[in-house]
Amino acid sequence: MNTEKVVKEAKVITGAALIVGILLLALGILFGLMDHSPVTNYKALIGLSVIPFSAAFAYFIKLTRIKRSPKKMRKTMVQEVDERLVAWKHAIDARSFRVLQGALFLVYMGNTLIVPEDIFKSFGWWGLLSLLFLSFISQGVLSKKVFAGGVHEINENN
């Protein structure tokens with residue numbers, strides 16, 4: 001079992017989450033101290049910093065549990081390394097992404113049909129349109145990269 005891969009990934013995620021959390025917290029505090037702030041709601045930035053700090057804390061706990069008792073964490077590490085389980089999780093993620101994409105489409109269409117005077121004028125309408133567009137584009141781009149990498153790996157193995 002490759003525990004180094006799991007530990008390295010957890011360390012990278014912990015570091016990245018800490019950096020993002022510290023950056024959001026510092027910007028929120030800085031904008032709160034400024035007289036003329038470019039952000040009107042600096043408390044939102046401070047509140048958003050809780051999310052990456054929580055993720056970093058969760059991965060830190062995972063790392064400490066792996067270091068203290070690797071035998072107890074064996075099941076978790078197998079779930080993250082076993083290719084069949086990882087493929088199964090990816091299939092579940094893809095299905096949930098499709099459900100969220102459908103919900104986003106329904107919210108966009110509902111907003112467009114219920115409030116037609118806001119089309120092309122409202123920030124919310126443009127935001128929903130952008131999110132919907134990005135979800136469709138990102139799905140195509142990511143699947144193309146995955147399939148291109150998979151075909152390349154298959155050709156190298158033969």
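Annotation: Ile114, atom CD1; neighbour count of heavy atoms from other residues, nucleotides and ligands within 6.0 Å does not exceed 12. Within a 6.0 Å radius of OH in Tyr59, no more than 12 heavy atoms belonging to other residues, nucleotides or ligands are found. Atom CD of Glu117 sits in a crowded spot, with more than 12 heavy atoms from other residues, nucleotides or ligands closer than 6.0 Å. Annotation for Lys43: atom NZ does not count as buried by contact number, only 12 or fewer foreign heavy atoms lying within 6.0 Å. Heavy-atom contacts from other residues, nucleotides or ligands closer than 6.0 Å to CZ of Phe57 number 12 or fewer.
The distance from the CG atom of Leu25 to the CG atom of Leu45 is 9.5 Å, given to the nearest 0.5 Å. Leu129 CG to Leu104 CG: the interatomic distance, rounded to the nearest 0.5 Å, is 9.5 Å. Atom CZ of Arg95 is separated from atom CG of Leu100 by 13.5 Å, given to the nearest 0.5 angstrom.
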Side chains of residues 60-67: which donor-acceptor partners sit under 3.5 Å, not counting sequence neighbours?
| from | atom 1 | to | atom 2 | distance (Å) |
| --- | --- | --- | --- | --- |
| Lys62 | NZ | Glu80 | OE1 | 2.9 |
| Lys62 | NZ | Glu80 | OE2 | 2.3 |
| Thr64 | OG1 | Phe60 | O | 3.3 |
| Thr64 | OG1 | Ile61 | O | 2.8 |

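A ring-ring contact (aromatic ring centres under 6.0 Å, His included) check over residues 114-137, counting only residues at least two apart or in different chains, returns the pairs Tyr108-Trp125, Phe120-Trp125, Phe120-Trp126.
Scanning for side chain to side chain contact (heavy atoms under 4.5 Å, CB included) contacts around Val50 gives Ser54, with sequence neighbours left out.
Under the 4.5 Å side-chain contact rule for hydrophobic residues, Leu30 and Leu18 share a cluster. In the hydrophobic cluster analysis, where Ile, Leu, Val, Met, Phe, Trp and Tyr join through side-chain heavy atoms closer than 4.5 angstrom, Val99 is grouped apart from Met109. Ile119 and Phe105 fall within the same hydrophobic cluster, where Ile, Leu, Val, Met, Phe, Trp and Tyr residues are linked whenever their side-chain heavy atoms come under 4.5 Å apart, directly or through other members. Transitive grouping of hydrophobic side chains (ILVMFWY, heavy atoms separated by less than 4.5 Å) brings Val20 and Ile22 into a common cluster. Ile46 and Met34 end up in the same hydrophobic cluster when Ile, Leu, Val, Met, Phe, Trp and Tyr side chains are linked at under 4.5 Å.
What you find for Pro52 and Leu48 is that their closest heavy atoms are CD-O, 3.1 Å. A pairwise comparison of heavy atoms in Leu24 and Ser49 identifies CB-CB, 3.8 Å as the closest pair.
Side-chain contact between Tyr42 and Leu27 is absent, with no heavy atoms from C-beta onward closer than 4.5 Å. Between Val115 and Ser122 there is no side-chain heavy-atom pair separated by less than 4.5 Å.
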